[in-house]
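Worth saying up front: this structure is predicted, and the values here are computed from it rather than measured. Values below: all heavy atoms of this structure, side chains included; hydrogens, waters and symmetry mates excluded.
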Amino acid sequence: MSVVLINIIAIVTSLFVTMACVPTLVHVSKEKKLFDEPNGRSATKIIVPTLGGLAVYLGFITSLTMVHSWLILPNLSLIMGCLTIMLFLGLKDDILVLSPKKKLVIQLFVASLLVVAGDFRFTSLHGCFGIESIPYFISYIISVFACIVIINAFNLIDGIDGLASGLSILISTFFGIWFSINNNPEFSIYCFCLSSGLAGFFYYNFKGGKNKIFMGDTGSMLIGTLMYIFVVNFNELNLHPNTLNFPIDSAPAVSFGLLIYPLYDVLRVFTIRILQKKSPMSPDKNHIHHRMLALGLSHHYSTMIIIGFNFVFVVSVILLQSVGNDLLFAYILIAFGSISTIPSIIIARQELICKNDPYQKVFIPRFFRKTGISENKILPESNIRANNTQASNKSHEELI
């Protein structure tokens, strides 16, 4: 059977299974009350089931096991095992809530399995910062750390409708196309199955209605685990450019650019929490998507703007790949950091959040702020912009 036909079968199966599972999961979740109650840091006050990740998992695994008889997929058993562990970790956290420490222990176990048993690890920095090959032991440490960071980065950006799934569809589709162009159909199938499964979830999550569902930690940690695998293989294959049809000159920097939104966002929120003398794992509403909501944008507009900007940014990173890793890393950090700070500057100048809000804090230099503003000033409700017309009469926490 041709590779193209196998890809089509895998994509259709993943999409169909995911979309078929969602209504059933929504019904069961509502009957058994398997959802989190919204709280002060939630971006929505509507009770919505959070088991969408289970539907994506079922679609992804079903499609892979179906095509495995036609095309041998590398490390399929190990990947399925690791995803299953993450599935149950996410389910328990979505339904019962786990402490960050317990989640981290399981994530470390899964990351170690991927790195040690599957040999999914970085062996070189491609000359980035003057470093080529990495010593064997250091390679394991760096790889496990990168896996944990990527998993939690995707976990933390899952805050508004369609954001985590939409960005992941964009990123995994790029990887899928790149693997296909470079004659690696096995990993292209992994990527396309994830994209199509997430597309099925995205439909219900973004559309809303009676079958609206969130992916929860079940889905976001599954995405993060697979993204780590894609990034490692992308970087390792680019160590041998002569064997590729479309080699990438600055693979580490391009990988960073592809994942820039979740990676930069987790870095900035951890920094804000530390500046507030809080634990980096303490929950808040300081993510970039919370800033977009504070500007008065709805979930849908915020998601579309972020995904659209990331698409343009990814294209710019790919076009600039020939400048070298160091310069490209600098461009990514400066350009993305500057643009992503704009919402916070507007919020600070127009006083769009209360200064005593326990879940939000804007750290902006004084010359960006208005003068004569008391640090402890509590803004009147009229100063808080509504997320949309229908939400204009909701509480302050719901609007930001």
Side-chain angles (χ1 to χ4, degrees), residues 1-25 52-84 87 114 118-120 165-207 215 219 222-223 225-238 240-248 255 258 307 311 314-315 318:
M1 187 178 295
S2 70
V3 173
V4 174
L5 183 56
I6 292 174
N7 268 285
I8 293 173
I9 293 173
I11 291 169
V12 171
T13 301
S14 182
L15 177 65
F16 175 78
V17 172
T18 301
M19 296 193 72
C21 287
V22 168
T24 301
L25 287 172
L54 178 56
V56 176
Y57 169 87
L58 292 173
F60 182 78
I61 295 298
T62 302
S63 60
L64 290 181
T65 50
M66 179 178 292
V67 303
H68 188 57
S69 59
W70 300 311
L71 181 67
I72 302 301
L73 301 175
N75 290 294
L76 178 60
S77 298
L78 175 66
I79 292 174
M80 288 176 63
C82 289
L83 293 182
T84 302
L87 170 74
L114 289 172
D119 205 32
F120 289 109
S165 56
L167 282 174
S168 300
I169 291 170
L170 173 66
I171 298 167
S172 57
T173 299
F174 167 81
F175 280 127
I177 293 172
W178 188 86
F179 285 129
S180 295
I181 292 173
N182 292 284
N183 301 318
N184 196 317
E186 297 85 2
F187 276 99
S188 71
I189 287 179
Y190 280 120
C191 297
F192 290 139
C193 283
L194 178 62
S195 295
S196 57
L198 288 172
F201 163 82
F202 185 89
Y203 172 79
Y204 289 107
N205 177 240
F206 208 69
K207 176 177 176 290
M215 71 166 59
L222 177 146
I223 291 172
T225 303
L226 289 171
M227 286 298 174
Y228 168 75
I229 294 172
F230 300 159
V231 167
V232 168
N233 280 276
F234 175 75
N235 278 268
E236 292 303 298
L237 287 173
N238 275 293
H240 311 284
N242 294 333
T243 64
L244 302 175
N245 296 322
F246 182 60
I248 299 295
S255 301
L258 287 166
I307 293 176
F311 175 78
V314 166
V315 171
I318 295 171

Given 3.5 Å as the limit, does a donor-acceptor pair link the side chain of His68 with the main chain of Leu76, or not? no
Return each pair, listed once, that meets side-chain hydrogen bond (donor to acceptor under 3.5 Å, both in side chains) where at least one residue sits in residues 190-200; pairs must be two or more places apart or across chains. Ser14-Ser196, Ser172-Ser195, Thr173-Ser195
Residues Val67 and Ala10: closest non-hydrogen pair is CG1-CB, 3.7 Å
Does any non-hydrogen side-chain atom of Met227 lie less than 4.5 Å from one of Ile171? yes
Under 4.5 Å between any side-chain heavy atoms of Val17 and Cys21, yes or no? yes
Those residues at least two apart in sequence (or on a different chain) that pass side-chain contact (heavy atoms from CB on, under 4.5 Å) with Val315 are Phe311, Leu319
Sequence-distant partners of Thr62, side chain to side chain donor-acceptor pair (under 3.5 Å), two or more places apart: none
The criterion is side-chain contact (heavy atoms from CB on, under 4.5 Å); which residues satisfy it with Pro247, sequence neighbours excluded? Asn238, Pro241, Leu244
Taking the inter-plane angle between the rings of Phe179 and Phe187 on a 0 to 90° scale, is it parallel (under 30°), tilted (30 to 60°) or perpendicular (over 60°)? tilted
Which residues satisfy the side chain to side chain donor-acceptor pair (under 3.5 Å) test with Asp119, sequence neighbours excluded? Arg121
State whether the side chain of Tyr228 and the backbone N or O of Phe120 hold a donor-acceptor pair below 3.5 Å, judged by distance alone. yes
Once side chain to side chain donor-acceptor pair (under 3.5 Å) is applied, do any residues pair with Ser255, and if so which ones, sequence neighbours excluded? Asn235
Would you please name every residue forming a side-chain contact (heavy atoms from CB on, under 4.5 Å) with Asn242, sequence neighbours left out? none
All heavy atoms of Gly200 vs all of Thr18, minimum pair found to be C-CG2, 4.1 Å
How long is the straight-line distance from CG of Asn183 back to CG of Asn245, given to the nearest 0.5 Å? 5.0 Å
Value for CG (Leu15) from CZ (Phe60), rounded to nearest 0.5 Å, stands at 14.5 Å
So, do Phe230 and Leu194 sit near enough that their side-chain heavy atoms are less than 4.5 Å apart? yes
Sequence neighbours excluded, the answer for ring pair (Phe, Tyr, Trp, His ring centres under 6.0 Å) partners of Tyr57 is none
Starting at SG of Cys191, measure out to CG of Asn7 and round the result to the nearest 0.5 Å. 10.0 Å
Over all atoms of both residues, closest heavy-atom pair of Pro185 and Val3: CB-CG1, 3.4 Å
Straight-line distance of Ser165 OG to Leu198 CG, nearest 0.5 Å: 6.0 Å
Could you state the interatomic distance from CG (Leu83) to CG (Leu87), rounded to the nearest 0.5 Å? 8.5 Å
Restricting to non-hydrogen atoms, name the atom on Glu186 and the atom on Leu73 that form the minimum distance, rounded to 0.1 Å. O-CD2, 3.8 Å
With heavy-atom distances below 4.5 Å as the criterion, would you say the side chains of Met80 and Ile61 are in contact? yes
Set of residues satisfying ring pair (Phe, Tyr, Trp, His ring centres under 6.0 Å) with respect to Tyr204, sequence neighbours excluded: none
Step by step, would you call Asn75 with Leu78 a side chain to side chain contact (heavy atoms under 4.5 Å, CB included)? CA-CA 5 Å; Asn75 290 294; Leu78 175 66; 4.3 Å; yes
Not counting sequence neighbours, which residues clear side-chain contact (heavy atoms from CB on, under 4.5 Å) with Ser180? List them please. Ser188, Phe192
Check whether any side-chain heavy atom of Leu226 lies under 4.5 Å from a side-chain heavy atom of Ile79, and answer yes or no. yes
Reported CG-to-CD1 distance for the pair Leu71 and Ile189, which is rounded to 0.5 angstrom: 4.5 Å
Heavy atoms of Ile223 and Ser168 approach each other most closely as CG2-OG, 3.1 Å
Under 4.5 Å between any side-chain heavy atoms of Asn205 and Met215, yes or no? no
Leu237 and Asn182: side chain to side chain contact (heavy atoms under 4.5 Å, CB included), yes or no, with the steps? CA-CA 9 Å; Leu237 287 173; Asn182 292 284; over 6 Å; no
Whether over 12 other heavy atoms sit under 6.0 Å from Tyr203 OH: no
Please enumerate all residues that pass ring pair (Phe, Tyr, Trp, His ring centres under 6.0 Å) together with Phe234, with sequence neighbours excluded. Phe175, Trp178
